[in-house]
Amino acid sequence: MFNVFFKVLDKFGKIYKDFMADSNQSASTKQLSAKQLKKLRRAEKTQARIDTGEIDVAQISKQREEKKPPKHKADQNSIEHTSKPQTKSPNVKIKSAEQELVVGSTLKPTKKHIASEEAPSRKKIDKQMNFFSHLDRYSYSLDFMNELGFDQKAIHPAFIRLGLQFASLNILGSTNRTLKFLDALETFLADYRCTPGVPLNRELEQRLKPNITFINQCRPMSISMDNAIHYLKDNISTLPSEKSESQLKILLEEMEKYKTRRIDMSVESASDIASKRISPGDVVLVYSDSSTVRSALKKAWQYGKGVRFSVVIIDSKPFYEGKKLLQFLRKLKIKCTYGLINTLSYIMPTISLVMVGASALFANGAVMSRVGTSSVALFARQYRKSFIVCCETLKFSERSQTDSIVYNELIDPDYLLPPELSDYWRSTSKIHMINCLYDVTPPELVSMVACEIGEVPAKSLAILVKLKYLNVQYD
């Protein structure tokens, strides 16, 4: 009887010891962080594979030694590979192959700048504010073009000419920039010659990279240009690997269709929808200049069946783009009034509706346009006027943005100052100047977005962006 009782006690004692050991192990494991636990489990799995012979550490070390480049610029066949002991320097930690397999490499992968060495780097303005330090601000000087030699072959002459126009800000407007960029792409594809033995899709994308990098160095690309590049790369990836001149012709035809359908026809459809909102006797306020707004005003005047209205053009620094719109409307014999942005509070009570263009529309309904557009939208809300944004779906973006600081384009502040003051603010340490090109208008201030689909509320743009990026053919 006592023997049975003692045997039961011994059995419970062993169970208790095993339980305490497991609890201690789990408690020590709980003290580790998630990253340490991941490394520990990875090390246990790798060690188990080494013990079973599935991983040969010696063979892996030998393969890595063979892949190492020679130290001197000599023929590899003439170099005698001798097994010398590795000397450890005090600042360098040398890991064995087994340790690297178990723990993993802690070095961060280096970024591969494929085309940065072939494209010239533009000079940045040294005096910058920390609040906007994440945004690049370049000088308007074109001295960086001197780095391009006559013997360079990476960048096509069409892109060099376009980059000069972008850097000097001779081409303004998102739609105009996209059209000029697509023209340069068509010239590049027309002059392209295939290299024998290299797949067409890979070679074409590699040759295109330095040209795109150069354009981006001259001036940051707009949302519509990014969408056009994505469309081009999607078509390049579907090309067969064999080289054929017919494949390049098909790619050229696709880019021409893209330019016709997504830009020309979209502008016509969006302007047609926006022109129907103009009634006889209306006073339309327009801020700055926009190709879609131009087309809408022209259609409402010429094809509106007797619709007569007047236009108030509000303009601001640094480019005074409204003057070009004023000349265009005066040729159509439309009654116009021109004023600067500081006259908004005086002019807004006499306005019937506000019509502006856009550089980009984000998924949350925010509108990115020329700086000052948000102020016009605030005045329109204050006086209860309709605020209509004319924009094509080419400018829709899947990103969301609520302010003008996270993503914007900074240009040289000298555009805002007379020439005699450009050196003064640079030499004075307490003066900092910022010249933002765009601002962001919240969707609550937008009455309607006129695009080729129809009249769309700003808060419903997320659905259209989703359809667009799912390749749904809604146009």
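All heavy atoms count here, side chains included; hydrogens, waters and symmetry mates do not. Owing to the predicted nature of the structure, the values given are computational and were not obtained by experimental measurement.
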Visitor: Ring-plane angle category for Y192 and F188, please: parallel below 30°, perpendicular beyond 60°, tilted otherwise.
Guide: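 Rings of Y192 and F188: tilted, as their planes differ by 30° to 60°.
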
Visitor: If we only count heavy atoms from C-beta on, is the L185 to L208 side-chain gap below 4.5 Å?
Guide: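 Yes, close enough: below the 4.5 Å cut-off.
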
Visitor: What's the spacing between K249 NZ and E254 CD if we round to 0.5 Å?
Guide: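 Between atom NZ of K249 and atom CD of E254 there are 15.5 Å.
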
Visitor: Can a salt bridge be assigned to the pair R207 and E203 using a cut-off of 4.0 Å between side-chain N and carboxylate O?
Guide: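 Looking at R207 and E203, the cut-off is met.
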
Visitor: Quick check: does any side chain N or O of T343 sit under 3.5 Å from a backbone N or O of G339, one acting as donor and the other as acceptor?
Guide: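 No, the answer is negative, given that no donor and acceptor are paired below the 3.5 Å cut-off.
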
Visitor: List the steps and the verdict of side chain to side chain contact (heavy atoms under 4.5 Å, CB included) for M355 and C390.
Guide: CA-CA 7 Å; M355 192 175 293; C390 303; 3.6 Å; yes

Visitor: Taking side-chain contact (heavy atoms from CB on, under 4.5 Å) as the test, write out the residues that go with S460, two or more places apart.
Guide: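 By the side-chain contact (heavy atoms from CB on, under 4.5 Å) rule, S460 matches V456, P457.
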
Visitor: Would you please name every residue forming a ring pair (Phe, Tyr, Trp, His ring centres under 6.0 Å) with Y407, sequence neighbours left out?
Guide: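 For Y407, no residue satisfies ring pair (Phe, Tyr, Trp, His ring centres under 6.0 Å) once neighbours in sequence are set aside.
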
Visitor: Could you pull out every donor-acceptor pair under 3.5 Å between side chains of residues 440-450 and any protein atom, sequence neighbours left out?
Guide:
residue : atom : partner : partner atom : Å
S447    : OG   : F387    : N            : 3.0

Visitor: What residues, two or more places apart in sequence or in another chain, satisfy side-chain contact (heavy atoms from CB on, under 4.5 Å) together with V406?
Guide: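 Here the qualifying residues are D403.
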
Visitor: Could you tell me which residues satisfy salt bridge (charged side-chain N to carboxylate O under 4.0 Å, His left out) with D289, sequence neighbours excluded, listed by chain and number?
Guide: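 For D289, the residues satisfying salt bridge (charged side-chain N to carboxylate O under 4.0 Å, His left out) (neighbours in sequence not counted) are R294.
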
Visitor: Looking at N435 and L416, would you say the former's side chain and the latter's main chain have a donor-acceptor pair under 3.5 Å?
Guide: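 Checked: no pair found.
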
Visitor: How about I229 and F181: do any of their side-chain heavy atoms sit closer than 4.5 Å?
Guide: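 Sidechains of F181 and I229: in contact.
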
Visitor: Roughly how far apart are K385 NZ and L353 CG, rounded to 0.5 Å?
Guide: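 Answer rounded to 0.5 Å: 9.5 Å.
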
Visitor: Which residue pairs satisfy the salt bridge (Lys or Arg N to Asp or Glu O under 4.0 Å) criterion with at least one member in residues 354-366, sequence neighbours excluded?
Guide: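 Matches after skipping sequence neighbours: none remain.
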
Visitor: What do you reckon, are the aromatic ring centroids of Y231 and Y258 less than 6.0 Å apart?
Guide: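 Under 6.0 Å, so yes.
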
Visitor: Under the rule for ring pair (Phe, Tyr, Trp, His ring centres under 6.0 Å), what residues qualify as partners of F328, not counting sequence neighbours?
Guide: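 If we apply the ring pair (Phe, Tyr, Trp, His ring centres under 6.0 Å) test to F328, skipping adjacent residues, there are no hits.
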
Visitor: Report yes or no: does W301 contribute a side-chain atom to a donor-acceptor pair with the main-chain N or O of L332 at less than 3.5 Å?
Guide: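 Pair found, side chain donor or acceptor close to backbone of L332.
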
Visitor: May I ask you to decide if C436's main-chain N or O and N408's side chain share a donor-acceptor pair within less than 3.5 Å?
Guide: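 Side chain of N408 to backbone of C436: no pair is present.
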
Visitor: Test of understanding: with side-chain contact (heavy atoms from CB on, under 4.5 Å), list the residues that count as partners of S269, not counting sequence neighbours.
Guide: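 Checked S269 against side-chain contact (heavy atoms from CB on, under 4.5 Å); matches are E452.
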
Visitor: Please test L285 against I313 for side chain to side chain contact (heavy atoms under 4.5 Å, CB included), starting from the C-alpha separation and ending with a verdict.
Guide: CA-CA 6 Å; L285 186 142; I313 302 172; over 6 Å; no

Visitor: Evaluate L361 against T393 for side chain to side chain contact (heavy atoms under 4.5 Å, CB included), listing each step before the verdict.
Guide: CA-CA 8 Å; L361 266 77; T393 55; over 6 Å; no

Visitor: Taking I334's backbone N and O only, do any of them form a donor-acceptor pair with R330's side chain (distance below 3.5 Å, no angle check)?
Guide: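 Here the side-chain-to-backbone pair exists.
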
Visitor: Measure across A360 and I223 and return the closest heavy-atom pair with its distance rounded to 0.1 Å.
Guide: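 So the minimum-distance heavy-atom pair works out to CB-CG1, 3.4 Å.
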
Visitor: Is there a donor-acceptor contact under 3.5 Å from the side chain of N211 to the main chain of H156?
Guide: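 At least one qualifying donor-acceptor pair exists.
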
Visitor: Scan V356, V286, V354, I347 and name whichever one has a side-chain contact (heavy atoms from CB on, under 4.5 Å) with I314.
Guide: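 When V356, V286, V354, I347 are each tested with I314, the side-chain contact (heavy atoms from CB on, under 4.5 Å) holds only for I347.
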
Visitor: Do S316 and Y287 have side chains that get closer than 4.5 Å, going by heavy atoms?
Guide: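 SC-SC contact between S316 and Y287 confirmed.
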
Visitor: Does any donor atom in the side chain of Y303 or S275 lie under 3.5 Å from an acceptor atom in the other side chain?
Guide: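 No, S275 and Y303 have no side-chain donor paired with an acceptor closer than 3.5 Å.
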
Visitor: Listed by chain and number, what are the side-chain contact (heavy atoms from CB on, under 4.5 Å) partners of S291, not counting sequence neighbours?
Guide: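 So S291 forms a side-chain contact (heavy atoms from CB on, under 4.5 Å) with T175.
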
Visitor: How about CZ on R399, more than 12 heavy atoms from neighbouring residues, nucleotides or ligands closer than 6.0 Å, or not?
Guide: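 Correct, the count exceeds 12.
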
Visitor: Report yes if some heavy atom in the side chain of L410 is under 4.5 Å from a heavy atom in the side chain of L437; otherwise report no.
Guide: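 When only atoms from C-beta onward are counted, L437 and L410 do not touch, as no gap falls below 4.5 Å.
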
Visitor: Does some side-chain heavy atom of Y320 sit less than 4.5 Å from a side-chain heavy atom of Y338?
Guide: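 SC-SC contact between Y338 and Y320 confirmed.
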
Visitor: Will you find, in the side chains of R262 and S224, an N or O donor that is under 3.5 Å from an N or O acceptor?
Guide: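 Side chains of R262 and S224: no pair found under 3.5 Å.
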
Visitor: Given side chains that start at C-beta, do those of V293 and L297 come closer than 4.5 Å, heavy atoms only?
Guide: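 Yes - at least one pair of side-chain heavy atoms lies under 4.5 Å apart.
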
Visitor: Restricting to side chain to side chain donor-acceptor pair (under 3.5 Å), what partner residues turn up for E268, sequence neighbours left out?
Guide: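 Expected list: K299.
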
Visitor: Can you tell me how far apart CG (L344) and CD1 (I341) are? Round to the nearest 0.5 Å.
Guide: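 That separation rounds to 5.5 Å.
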
Visitor: Is any side-chain heavy atom of I411 closer than 4.5 Å to a side-chain heavy atom of P318?
Guide: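 A side-chain contact exists here, since the closest heavy-atom pair is under 4.5 Å.
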
Visitor: Kindly state each residue pair satisfying salt bridge (Lys or Arg N to Asp or Glu O under 4.0 Å) with at least one member in residues 166-187, sequence neighbours excluded.
Guide: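 Pairs touching residues 166-187 that pass the test: D183-K259, E186-K259.
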
Visitor: Indicate every side-chain donor-acceptor pair of residues 365-380 with a distance under 3.5 Å to a residue at least two apart or in another chain.
Guide:
residue : atom : partner : partner atom : Å
S369    : OG   : G357    : O            : 3.1
S369    : OG   : T373    : OG1          : 3.4
R370    : NE   : E321    : OE2          : 2.6
R370    : NH2  : E321    : OE1          : 3.2
R370    : NH2  : E321    : OE2          : 2.9
T373    : OG1  : R370    : O            : 2.6
S374    : OG   : D439    : OD2          : 2.8

Visitor: I'd like to know if the side chain of K335 and the backbone of F309 have a donor-acceptor N/O pair within less than 3.5 Å.
Guide: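 A pair under 3.5 Å: no.
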
Visitor: Before giving the answer on side chain to side chain contact (heavy atoms under 4.5 Å, CB included), spell out for C218 and L164 the whole-Å C-alpha distance, their side-chain angles and the decisive distance to 0.1 Å.
Guide: CA-CA 7 Å; C218 295; L164 281 169; over 6 Å; no

Visitor: Quick one: are F396 and F362 in side-chain contact, heavy atoms under 4.5 Å?
Guide: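 F396 does not reach F362 side chain to side chain.
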
